[in-house]
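Right, one structure below, let's go through it.
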2 protein chains.
Amino acid sequence: MSSKPMRQRVEEYILELQDNIVSSFEKLDPNAPAFKRDSWVRAQGGTGKSCVFAVPFSNDAPGATTAQETILEKAGVNISVVHGNLPNAAIKQMKADHSSLPYDPESNISLPFFAAGISLVIHPRNPHAPTVHANYRYFEVSKPAEEGKAGEVVAWWFGGGCDLTPSYLYEEDGTHFHKTLKDVCDLHGPSLYPGFKKWCDEYFFIPHRGESRGIGGIFFDDLTNEPHKRIPNNDEPRPRTPDEIFAFIKAAGNAFVPSYLPILERRAHIPFTEQERRWQLLRRGRYVEFNLVYDRGTKFGLQTPGARIESILMSLPETARWEYMSDLGSDENTEEGKLLKVLRTPKEWV
Amino acid sequence: MSSKPMRQRVEEYILELQDNIVSSFEKLDPNAPAFKRDSWVRAQGGTGKSCVFAVPFSNDAPGATTAQETILEKAGVNISVVHGNLPNAAIKQMKADHSSLPYDPESNISLPFFAAGISLVIHPRNPHAPTVHANYRYFEVSKPAEEGKAGEVVAWWFGGGCDLTPSYLYEEDGTHFHKTLKDVCDLHGPSLYPGFKKWCDEYFFIPHRGESRGIGGIFFDDLTNEPHKRIPNNDEPRPRTPDEIFAFIKAAGNAFVPSYLPILERRAHIPFTEQERRWQLLRRGRYVEFNLVYDRGTKFGLQTPGARIESILMSLPETARWEYMSDLGSDENTEEGKLLKVLRTPKEWV
């Protein structure tokens, strides 16, 4: 056990993870421009660092396949460490999953919170290389601080996950990605992967399209020492103490590079057609639809006065496309139709 | 006064208006592919006709400026005439603006509704030519029908509007567009344009960006014989009877072509740079943000089981773009910055 407070340990870890992830992408494509590092300060309390990859506009012509092209098209690996006050209404909402939170409907008090997390979205250029998203975060609520010392922590939890969004389906990529995540989960408890895989399929669903955003991965929230609704058997071994849960979070975060980079490496240089690029841009349109219409984090961010919009919408692709009644994907025997079939009926990958 | 029921008169009018509008665009660009006419039937009751313009993918490279290019990039002119049942919860919501609606919180009845409307979005290819949107609609609620005859109408109203979204600001275009709409409004009542212009600026606002979607036009809803909250002086002359309001709606609908086509004609062939195309695509990203996050019609449609998603999302541009911390628009002395300034502080055009 470390003697440092958890908030500090999490902050140190996500800084290190951000560095590792960004370096891995930069090593993979040494001739591409470096990620742009952008540190910021939140007026209401906190700091962050965005690492963003983008290429100049003229490289962007759909269908262009020149040799100088970068592997990534648009990517962001962001961390933020913020604090502030939770209004009573927000405490009420959180109470359902965190019984230790003091909530008094009559009162109008707000409680100090702390939140630290890493969030990343990688959109590669090649239509055969999947988009990937990951997010790991720690949340803490305290009693109001007395003068000169921090308030006692009354609730804490971790959340996160990682999911893959291909435009073209390569079975071996789906299996590799899910197996890497499952192996990490299984080391920390047998019901983590099954519970979090199912949660991921349910969360990244686009109701108005009747399809998932991608082929899933893991998704979880509110992981703490209390019984958890999404883990069926609460007597089974699983991480429960802050140290145990943080160890699991670190293992999952560290699995990001091995879960994704081998896939990116083998798909980034496959020659592609104009139709494949077009299909990728249509799929990116769906990505935009999910993120703007359903994603809780995005919706919460857009509604938060003073939120950093550029960081919140960093997840959106560089280019997206919408066609009325597109013919692409309508035939189940095409590669496009094969993907849609899996998005409509999530499968077990491992 | 016509002896035909209003629902039939509206249906006939929007069919005719759709034809006129589509023909106007087709005449303007005779070498472009024709609009694709697509009639559909709603399983839950009703029919519609979508007229959609799209060009093959390979013409789409940003920055391409070859002579064969079409004036429009993506456009839809849709009508729908649907009926069904309004659940009690929906009646409760509508009650606020329509006191004649019978609403009983204890009851669980639903009331038959009828809705007919025309909705169009035109995205031209040239960054100097603005996007335009218009929508005119009629809504009717009846008592449950008795066998063999239609139920008595208990509430009816018209809604609609028309608004312009340029990527580059041409003062004369803004003035022409607003003046055409104002002239039509003024013939039907002195406070229509001021009230509906303000409502339009308020409605098409993107809070998380602190900017309007475009330079406005007119927007209104719930126009009926009852006093109207958004028309300050209800003693002033304005259309009140069904015939008078329908006459205003027709005048506004008929003003669409003269309000927009002269602008499109003079901007469609201006040579443009890669940067201008890039800025246009970034502005289309904002269009997507507004429509998916805030537009009431879109949100309602996405939440409606069995809704025709392809018609609802027809409003989205063919291509949209997102950049992290884009430099474009940040300098007030550039053409891009000049547009942003007006979007942040709507102005009086007439």
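Scope of the values below: all heavy atoms of this structure, side chains included, with no hydrogens, waters or symmetry mates. Labels below follow one simple rule: chain letters A, B, ... track the order of the sequence lines, proteins then strands, and each chain is numbered from 1.
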Spatial distance of atom CZ (B:Phe290) from atom CG (A:Leu292) [nearest 0.5 Å]: 13.0 Å
Working for side-chain contact (heavy atoms from CB on, under 4.5 Å), residues A:Leu281 and B:Thr319: CA-CA 9 Å; A:Leu281 297 182; B:Thr319 308; 5.8 Å; no
Selection from B:Pro317, B:Ser326, B:Ala54 maximising heavy-atom pairs under 4.5 Å formed with chain A: B:Pro317
Residue, of B:Gln275, B:Glu323, B:Arg308, B:Arg284, that accumulates the most heavy atom pairs under 4.5 Å with chain A: B:Arg308
A:Leu313 versus chain B, the contacting section by heavy-atom distance below 4.5 Å: side chain
Part of A:Glu310 within contact of chain B (heavy atom distance under 4.5 Å): both
Residues of residues 202-214 of chain B with any heavy atom under 4.5 Å of a heavy atom in chain A: B:His208, B:Arg209
Pairs of heavy atoms under 4.5 Å with chain B: top-ranked of A:Met314, A:Lys74, A:Lys36: A:Lys74
Largest heavy-atom contact set with chain B, pairs under 4.5 Å, which of A:Val288, A:Leu282, A:Ile312: A:Val288
Heavy-atom closest contact (B:Ser311 atom, A:Tyr324 atom, distance): N-CE1, 4.4 Å
Contact origin within B:Ile309 toward chain A - heavy atom pairs under 4.5 Å: side chain
Toward chain A, the part of B:Glu289 with a non-hydrogen atom under 4.5 Å: both
Sub-4.5 Å side-chain heavy-atom contact between A:Leu302 and B:Val293: yes
